[in-house]
Amino acid sequence: MTEVQLQEFKLEPDSELRFEVESKNEKVVLEVKSGYAELFGTELVKAKPYEFHTGAKVAVFTWHGCTVELRGKTEVSYVAKETPMVVYLNVHAALEQQRVAAEQESTRGPVTMVVGPGDVGKSTLTRILLNYAVRMGRRPIYVDLDVGQGHISVPGTIGALLVERPASIEEGFSQQAPLVYHFGHSSPGENLELYNTIVGRLAEVIAERCENNKKASTSGVIINTCGWIKGDGYKVLSHAAQAFEVDVILVLDNERLYNELKRDMPKFVKVVYLPKSGGVVERSSTQRAEARDARIREYFYGKRTPYYPHSFDVKFNDLKIYKVGAPSLPASCMPLGMRAADALTKVVQVSPSGALQHRVLAVSFAAGPHDDVLHSNLAGFVCVTAVDMDRQMLTILSPQPRPLPNTVLLLSELQYMDNH
Ligand code: ATP
């Protein structure tokens, strides 16, 4: 039997314990023994064991001091006294003042966008600010435009969620009834036209919903973005800022981006420079790919609470699969009145073939291909686990039992190998 490693840390006020779980199939259990601590803005309950698995990169922060115990093998574990948490708390306080003003004047609360290069802690800051807001009794809207990670749904989508309680330590924000739109790639650069179209659509729908939900409207919106900030990436960010009519842009750790946004944004947009935390861990492209894979696996099989997906065969003839984006033609070959960019948002039918194996398909709420597919949100996802050309059948992994809903299925470039 292997010996369970036990470590105890005494944290002074304003410090954090950072640890990583690296080894395969490893589990580390965290417990607060005394004092108060939080994890990315969610309070930890004293004497309650929390489990972390392979790939977890964690910081346990304390404002007042605490004693923490870790059981299991951590790759790294150390206490850091230098953290930007006070600066982040000040940002929260400033947003809170705007929420109070919005409540008094019956206007919209602050719409905040978090930007910066890859691996600077954008998603973490978004989570901290949402948690602090909800702990003050607010109901903010969380928007995730990062198609590479898919924090709200699976990678290859953008989405929004009304946050009604702090993120669960082990499972993140509750995923009930998210609003999700299909993109189908892991980087906006794969189809800028489509990306901007769905970002615009999501912004429109959120604005409509806020009109009918005063609490959400005064609580405001926090938007997480992709780490692509140069060239077209910058244009994509500027477009998102315009579409959501942002009031505040928080720039993490990039002076060039900060200066560009200061120069280009209208004067009423507050652009704020923030330091990144020394604890943010850089991830290699392999680790990112693994994280994407893990997100899709979680969608079908759950994280801590297990899900039991269904697997069944469907005849080619019973499926309506489409993809967004036709091959682009030179302008001279385009039909009269059509722009080359229009081809990028065209919905085209896909004939079933071996190439569908392992592909994720988004189940759209659109009933048919002409029913404004791009503007319809998603009901969920299925994955093609096998293709039988002889029998003209696909085997589908689905959260719902058969039959598949009779709607449009949208092909994603993302793949998932089901070897659960
Ligand atoms: P991306 O550009 O890929 O979206 P990001 O800028 O959003 O990245 P995060 O996902 O927030 O960065 O952080 C990267 C990793 O670092 C995450 O695994 C997160 O849990 C970890 N992390 C963030 N802050 C800390 C910290 N203070 N201590 C330890 N780990 C941290």
Side-chain angles (χ1 to χ4, degrees), residues 9 11 14-22 28 30 37-42 44 50 52-63 68 70 74-89 112-131 142-152 155-159 167-173 186-189 222-230 233 236-237 240 250-254 257 274-295 303:
F9 301 88
L11 307 190
D14 284 347
S15 64
E16 72 185 19
L17 165 68
R18 296 172 183 160
F19 66 90
E20 289 177 40
V21 188
E22 280 287 306
V28 171
L30 160 80
E38 59 180 45
L39 192 143
F40 303 142
T42 306
L44 291 160
Y50 295 100
F52 297 90
H53 298 266
T54 315
K57 302 173 199 319
V58 185
V60 178
F61 179 83
T62 178
W63 294 105
V68 180
L70 289 184
T74 51
E75 220 54 36
V76 194
S77 54
Y78 66 97
V79 175
K81 294 205 169 115
E82 297 282 322
T83 79
M85 288 299 282
V86 173
V87 185
Y88 296 172
L89 184 67
T112 310
M113 188 162 97
V114 182
V115 302
D119 296 326
V120 286
K122 296 180 296 299
S123 316
T124 307
L125 176 62
T126 306
R127 178 166 169 170
I128 293 172
L129 293 175
L130 288 165
N131 275 332
Y142 168 25
V143 171
D144 189 22
L145 302 183
D146 185 355
V147 285
Q149 305 285 311
H151 288 289
I152 289 184
T157 63
I158 61 167
S168 133
I169 298 290
E170 285 141 336
E171 297 189 288
F173 289 107
S186 57
S187 164
I222 303 190
I223 308 165
N224 183 32
T225 58
C226 294
W228 185 34
I229 55 167
K230 286 196 186 144
V236 158
L237 286 180
L250 304 174
V251 187
L252 276 171
D253 195 51
N254 194 289
L257 179 62
L274 296 176
K276 77 167 192 180
S277 165
V280 178
V281 186
E282 277 185 27
R283 284 165 294 178
S284 62
S285 51
T286 324
Q287 282 170 321
R288 278 169 194 275
E290 277 169 9
R292 273 200 281 276
D293 210 52
R295 279 298 297 160
K303 199 168 181 181

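Counting begins at 1 with the first residue of the sequence. Counting starts at 1 for both ligands and their atoms, in listed order. The shown structure was predicted, so the numbers you read here are calculated from the model rather than taken from an experiment.
By the side-chain contact (heavy atoms from CB on, under 4.5 Å) test, Lys303 is found to be paired with Glu171, Glu298, residues two or more places apart in sequence or in another chain being considered. Annotation: side-chain contact (heavy atoms from CB on, under 4.5 Å) contacts of Val76 (sequence neighbours excluded): Glu20, Tyr78. The salt bridge (charged side-chain N to carboxylate O under 4.0 Å, His left out) search around Glu290 returns none, not counting sequence neighbours.
The pair Lys122-Asp253 fails the salt-bridge criterion, with no side-chain N (NZ, NE, NH1 or NH2) lying under 4.0 Å from an Asp/Glu carboxylate O.
For Glu75, the CD atom is densely surrounded, since the number of other residues' heavy atoms within 6.0 Å is greater than 12.
Protein residues having at least one heavy atom under 4.0 Å from any atom of ligand 1 are Glu16, Arg18, Phe40, Lys57, Val58, Ala59, Gly118, Asp119, Val120, Gly121, Lys122, Ser123, Thr124, Asp146, Gln149, Ser277, Gly279, Val280, Val281, Arg283, Arg288, listed by chain and number.
Inter-residue side-chain proximity for Val143 and Ile222 is flagged as unmet; no heavy-atom pair is nearer than 4.5 Å.
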